[in-house]
Amino acid sequence: MDRSALTRLVQWVDMKRLLAAYFVLISLYIYAPMLALIVFSFNSGGISPPYQGFTLAWYSELAANQGIINSVLRSIQLALVVTVITTVLGTAAALAYRFDFRGRKLFLYLIVLGIITPGIAFSVGSTLLLNEVLGLSRSMWVALPAHVVWTLPFAVIVLLAGFPPNLAQNEEAARVMGASRVTTFREIVLPQIAPTVLGAAVFAFTLSYNEAERGLLLVGRDRTMPMEVFSIASAERATPELFALGSVTTVFSTILLLVAGGLVVYGARQS
């Protein structure tokens, strides 16, 4: 193809429309399974096509399945504790990272390592340390450190991205005016970062609630919601109540993420 033909081809193709079409196709590829999950959770014919009619029967069966309900409650309990720990540690780490100190870059790399490390490899290593070396019995709470290592990097990243741009100037002005470090943090820093901190907390809760891989070998019989789903789906084919559970979890997680994103954006815009 000569240069003139290539030029005419580029001029003929509308790049904006091409990119828009590409975005639509990728979005369908990513979100079509979730949409299908939600649609067929209301299908009276079960989880297989065709769609035979609307029903709430699978949600009733989900509510009556005590095993799944208990696993959901365990996931919520674990996620709440993980959220508190992650929020405190993440806020302290993000605030500290704003200052220059020896090992600053290594400090951030160590935190981000929790994202980079493959989940199953981290699960095996955690089992070796916590169960074999330290002799701790497998339980839901033994998986707590694994969840924190997973959620902490995201919380720190969200906090660093959402801190108001003039936070340092306001903090310095308060110190110049004679305010102590505690007063400065309580009266100046905390009110400005509060929306971002809440957003990071919501992110942490969502990540912990849906996490299975890193705690897979640690929880023992206290299976959390994702592990209960894996157990049921691996022992038999997926059941309609699992579709109902997936729909509830998807909607719930999406709402939480939207709230978290809104809080982070709001916090970043505060002066």
Side-chain angles (χ1 to χ4, degrees), residues 78-119 121-123 125-126 129-130 134 141-211 213-215 218 256-257 259-271:
L78 180 59
L80 287 173
V81 177
V82 170
T83 299
V84 173
I85 296 174
T86 299
T87 303
V88 173
L89 293 179
T91 303
L95 289 173
Y97 189 75
R98 298 178 306 142
F99 303 98
D100 290 326
F101 56 88
R102 182 176 298 179
R104 182 170 179 264
K105 291 184 178 180
L106 178 62
F107 173 71
L108 183 62
Y109 292 153
L110 288 175
I111 292 177
V112 176
L113 191 62
I115 300 176
I116 300 174
T117 305
F122 187 86
S123 180
S126 298
L129 174 63
L130 299 176
L134 299 181
W141 299 113
V142 173
L144 180 64
H147 278 236
V148 172
V149 170
W150 170 239
T151 58
L152 182 60
F154 291 96
V156 172
I157 292 171
V158 168
L159 287 162
L160 290 176
F163 280 164
N166 61 347
L167 178 62
Q169 292 87 337
N170 293 341
E171 187 177 4
E172 182 63 25
R175 295 297 305 279
V176 170
M177 295 294 293
S180 65
R181 291 184 180 273
V182 175
T183 301
T184 301
F185 177 78
R186 185 180 66 249
E187 301 294 338
I188 304 297
V189 176
L190 188 57
Q192 290 192 69
I193 69 173
T196 306
V197 171
L198 290 175
V202 174
F203 270 113
F205 179 88
T206 304
L207 290 169
S208 177
Y209 176 78
N210 292 286
E211 173 58 30
E213 197 174 24
R214 284 162 179 79
L218 296 171
L256 286 181
L257 289 176
V259 171
L263 288 171
V264 172
V265 172
Y266 175 78
R269 290 180 177 178
Q270 296 303 297
S271 58

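All values derive from a computational prediction rather than experimental measurement.
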Rounded distance (nearest 0.5 Å) linking atom [atom1] of [X] with atom [atom2] of [Y]:
X	Y	atom1	atom2	result
Thr183	Met177	OG1	CE	13.0 Å
Ile116	Ile111	CD1	CD1	12.0 Å
Leu152	Leu207	CG	CG	11.5 Å
Phe185	Ile193	CZ	CD1	5.0 Å
Leu144	Leu78	CG	CG	6.0 Å

Validation row: [X], [Y] side chains within 4.5 angstrom (heavy atoms):
X	Y	result
Trp141	Val81	yes
Arg214	Val149	no
Leu257	Val202	no
Phe205	Leu80	yes
Leu256	Tyr209	no

Does the [X] side chain pair with the main chain of [Y], one donor and one acceptor, at a distance under 3.5 Å?
X	Y	result
Gln192	Ala194	no
Arg98	Leu95	yes
Ser208	Ala204	no

If you look at every heavy atom in [X] and [Y], which pair is closest and at what distance?
X	Y	result
Leu130	Val142	CD1-O, 3.5 Å
Trp150	Phe154	O-CD1, 3.2 Å
Val148	Pro153	O-CD, 4.4 Å
Ser126	Ala146	OG-CB, 4.5 Å
Ala155	Ala200	O-CB, 4.0 Å
Gly215	Ala143	CA-CB, 4.2 Å

Qualifying side chain to side chain donor-acceptor pair (under 3.5 Å) pairs with a residue from residues 78-96, counting only residues at least two apart or across chains: Thr86-Thr151
Contact list for residues 102-117, test salt bridge (Lys or Arg N to Asp or Glu O under 4.0 Å), sequence neighbours left out: none
Under the ring-ring contact (aromatic ring centres under 6.0 Å, His included) test, residues paired with Phe101 that sit two or more places apart: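 With sequence neighbours excluded, Phe101 shows a ring-ring contact (aromatic ring centres under 6.0 Å, His included) to Phe107, given in chain and number order.
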